[in-house]
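Worksheet: one structure, shown below.
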Amino acid sequence: MIRLLAASLVVLAVSTTLAAAAPPTSTADTGADAYLAQITVPDRDPVVLGALEWPTSTTTDVQSFQYPEDGSVVSLGRSHANVFASGGSAALASADSEVIVLSLFGGEIVAAQINLTASTGASGRSVSASVESSGVQGLRALGQDVPSTPGTTVQLADWGSLTVLTESSAVRKKNPPGAQASVVGLRVQLTAEHGGLPAGSEIVIGGVHAAAVADVSAPPSAKPNAAPVPAPAPKPIARPKPAPAPEPHVGGEVPGGPVRVAPEVSARLSSGGYVFPVYGPASFGDSFGAPRADVEGGWHHGEDIFAPAGTPLLAVADGTLHTIGFNRLGGYRLWLRDVEGNEFYYAHLSAYSPLAVEGKAVKAGEVIGFVGDTGDAKGTPHLHFEIHPASMLGLGYNGVVAPYPILLAWRRADDIAFSAGRVYVRSKQTSSTLPPPGALLLESQDIGSTSGLVPGALERVLGP
């Protein structure tokens, strides 16, 4: 059983300097390694997720991970890591990892995003080592914010400690020139039994290491009689840095996400002011009501529109954007509420446009995101699109109509009533027609205040 303790945190130490470290040995090779998570329990084999070592393995992409199977100790969303190295007289090495939607011990420790980067360079003229691009966003423990300052350590009630961003780097200018850098994201050490793990257990989230050693015997790449070329300082891999996020829900929901510059587009609107949600070539069928084991009711609540990754996504109507962020099933997703109260759900995005800001008013045809394969769509880029008419919001997540005939009309820039969409009636396992609304919905609780695809979530919000 997981013990939930409401004890306050005690900050034991805060350090803004890099930990003491030695440069690579004179016989060391240029290389890099990384991992996403490591769980060490006394008298058991360690569990290591996403381990990489140059050159045998260079990249990993994990959709989600839970330990044990119910995720009660460790749960994380889509994460990835990369390593690279190049030897010679101007040696380079780098490693990076990103972990998102982290939850430890059923939500006692949560983080929105952990980005780690270690980069090194060494030559006869210069050496460099950098970990400056590493950071942690939205970190909370026992219900309180935790500083993301490197070296911060906090006491976790009476059962353990949490250390943030353990960084180290060192350089040697000759015999031979070398540089080394490493970062560990989060380290939890148990001093007493907790969450089913015995004392002495350790959980480490994210680790990267890079070492560059110049081969002074190798011929320089410069032309004869030219001055030696110094080793360039490797550029850290650019990653989006969202604003500090509030505590993610245990279910794996995190606000915000990557943002891309939106291209200029021109979309044809219907006479009613609606537009097809995907800009450019796209294909879709009629899969509304098809079996889906992992969502509410076990059936498909929308339509999958297939298009190349990165294809712009458009606001289907004038309205307001809300519930922008990540969850495990939908990946990066958002909701659009039009001026009449109808709700539209977009899921599996690869990135958002700069317009995708919570509460932002947008116009029909404006770019709000891009096609991707996040969430449970890994490897198949598409947009999962749903239509929740205002007259059906009282039914919660099941208040949805088949988008197929509506999408066909919008693609021709024709106007069409939402009553053209079928309603999936679970009790009869068949479909029926949605009648025109007899009244307008004047007020309702926010249908988008939950993740949208979590079974029963909308019913709990809209219920008494």
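For reference, positions follow the sequence shown, starting with 1. On a predicted model such as this, the values are computed, not experimentally measured, just so you know.
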Fill in: Intermediate values then yes/no, ring pair (Phe, Tyr, Trp, His ring centres under 6.0 Å), His388 and Phe344
CA-CA 6 Å; His388 295 256; Phe344 306 91; 9.0 Å; no

Item to complete: State the CH2-CZ distance between Trp410 and Arg268, to the nearest 0.5 angstrom.
Response: 15.0 Å

Response to the item:
Arg333 and Tyr345 have their tightest heavy-atom pair at CG-OH, 3.4 Å

Discussion item. Taking the side chain as everything from C-beta on, heavy atoms only, tell me whether Leu76 gets closer than 4.5 Å to Gln66.
Written reply: no

Worksheet entry | pair Glu386-Val401: side-chain heavy atoms closer than 4.5 Å | no

Fill in: Shortest non-hydrogen contact from Gly31 toward Ala85
CA-CB, 3.8 Å

Worksheet item: Does a donor on one side chain sit under 3.5 Å from an acceptor on the other, for Ser134 and Thr117?
Response: no

Worksheet entry | Shortest non-hydrogen contact from Gly325 toward Tyr352 | O-OH, 2.9 Å

Worksheet item: When you measure from the side chain of Ser201 to the backbone N and O of Leu190, does any donor-acceptor pair fall under 3.5 Å?
Response: no

Fill in: Gap between atom OG of Ser350 and atom CG of Leu313 - 0.5 Å precision
7.5 Å

Worksheet item: Is there a donor-acceptor pair under 3.5 Å between the side chain of Glu358 and the backbone N or O of Ile324?
Response: yes

Worksheet item: Can you list the steps and then say if Thr152 with Thr163 is a side chain to side chain contact (heavy atoms under 4.5 Å, CB included)?
Response: CA-CA 6 Å; Thr152 298; Thr163 302; over 6 Å; no

Worksheet item: Would you call Val74 and Pro68 a side-chain contact if the rule is heavy atoms closer than 4.5 Å?
Response: no

Discussion item. For Phe84 and Trp54, take the angle between the two ring planes, folded into 0 to 90°, and tell me which bin it lands in: parallel under 30, tilted 30 to 60, perpendicular over 60.
Written reply: perpendicular

Worksheet item: Going by heavy atoms in the side chains, are Leu162 and Gln189 under 4.5 Å from each other?
Response: no

Fill in: Note: Asp145-Arg140 ion pair, threshold 4.0 Å (strictly below)
yes

Item to complete: Nearest 0.5 Å please: distance from the CG atom of Leu49 over to the CG atom of Leu36.
Response: 5.0 Å

Item to complete: Verify the distance criterion only: is there a donor paired with an acceptor across the side chains of Asp373 and Thr380 at less than 3.5 Å?
Response: no

Practice prompt. State yes or no: are the ring centers of His300 and Phe288 separated by less than 6.0 Å?
Written response: no

Worksheet item: Does Ser94 use its side chain to pair, donor to acceptor, with the backbone of Ala118 at less than 3.5 Å?
Response: no

Discussion item. Assess the residue pair Leu186 and Leu102 against the criterion (side chain to side chain contact (heavy atoms under 4.5 Å, CB included)); give the C-alpha distance rounded to whole Å, side-chain angles, the decisive distance to 0.1 Å, and a yes or no.
Written reply: CA-CA 11 Å; Leu186 301 177; Leu102 172 69; 3.7 Å; yes

Fill in: Test side chain to side chain contact (heavy atoms under 4.5 Å, CB included) applied to Leu139 and Val110, step by step
CA-CA 6 Å; Leu139 179 62; Val110 293; over 6 Å; no

Practice prompt. Check whether any side-chain heavy atom of Tyr279 sits under 4.5 Å from a side-chain heavy atom of Val371, and report yes or no.
Written response: no

Discussion item. Among Asp33, Leu116, Leu52, exactly one meets side chain to side chain contact (heavy atoms under 4.5 Å, CB included) together with Val208. Which residue is that?
Written reply: Leu116

Worksheet item: Taking the side chain from Tyr332 and the backbone from Asn327, do they hold a donor-acceptor pair closer than 3.5 Å?
Response: no

Practice prompt. Give, for atom CG of Leu165 and atom CD1 of Ile114, the distance between the pair rounded to the nearest 0.5 Å.
Written response: 8.5 Å

Discussion item. Side chains of His209 and Tyr35, heavy atoms from C-beta outward: is any pair under 4.5 Å?
Written reply: no

Worksheet item: Within the distance-only criterion (no hydrogens, no angle test), does the side chain of Lys360 pair as donor or acceptor with the backbone N or O of His322 below 3.5 angstrom?
Response: no

Response to the item:
Residues Ala111 and Val136: closest non-hydrogen pair is CB-CG1, 4.4 Å

Fill in: Sidechain-backbone polar pair: Tyr346 side chain, Leu314 backbone, donor-acceptor under 3.5 Å
yes

Item to complete: To the nearest 0.5 angstrom, please state how far the CD atom of Gln113 sits from the CG atom of Asn115.
Response: 4.5 Å

Worksheet item: Within the distance-only criterion (no hydrogens, no angle test), does the side chain of Asp286 pair as donor or acceptor with the backbone N or O of Tyr404 below 3.5 angstrom?
Response: no

Worksheet item: Should Asn398 and Trp299 be marked as a side chain to side chain contact (heavy atoms under 4.5 Å, CB included) after you check the CA-CA gap, both sets of side-chain angles, and the distance that decides it?
Response: CA-CA 10 Å; Asn398 289 331; Trp299 55 276; 3.4 Å; yes

Worksheet item: Does any non-hydrogen side-chain atom of Thr320 lie less than 4.5 Å from one of Val362?
Response: no

Discussion item. Can you confirm if the NZ or CZ of Arg260 lies within 45° of the ring axis of Phe370 and under 6.0 Å from the centre of its six-membered ring?
Written reply: yes

Practice prompt. State whether a side-chain donor-acceptor pair under 3.5 Å links Glu303 with His384.
Written response: no

Discussion item. Can a donor-acceptor pair be found, under 3.5 Å and without considering hydrogens, that links the side chain of Gln144 to the backbone of Ala141?
Written reply: no

Item to complete: Output the distance between atom CG (Leu336) and atom OG1 (Thr323), rounded to the nearest 0.5 Å.
Response: 11.0 Å

Discussion item. Keeping Asp338 on the side-chain end and Asp318 on the backbone end, is there a donor-acceptor pair under 3.5 Å?
Written reply: no

Discussion item. Please confirm whether the ring centroid of Phe385 lies under 6.0 Å from the ring centroid of Phe276.
Written reply: no

Worksheet entry | Student check: side-chain heavy atoms of Asn82 and Thr58 closer than 4.5 Å | no

Discussion item. Testing the basics here: between Gln155 and Gly160, what is the closest heavy-atom pair and its distance to 0.1 Å?
Written reply: NE2-O, 2.8 Å

Fill in: Under 3.5 Å donor-acceptor, Arg337 side chain and Gly319 backbone
no

Discussion item. Show, in sequence, the C-alpha distance, side-chain angles and deciding distance for Ser270 and Asp414, and conclude whether the side-chain hydrogen bond (donor to acceptor under 3.5 Å, both in side chains) test is met.
Written reply: CA-CA 5 Å; Ser270 72; Asp414 294 336; over 6 Å; no

Fill in: Heavy-atom closest pair, residues His348 and Thr374
ND1-O, 2.8 Å

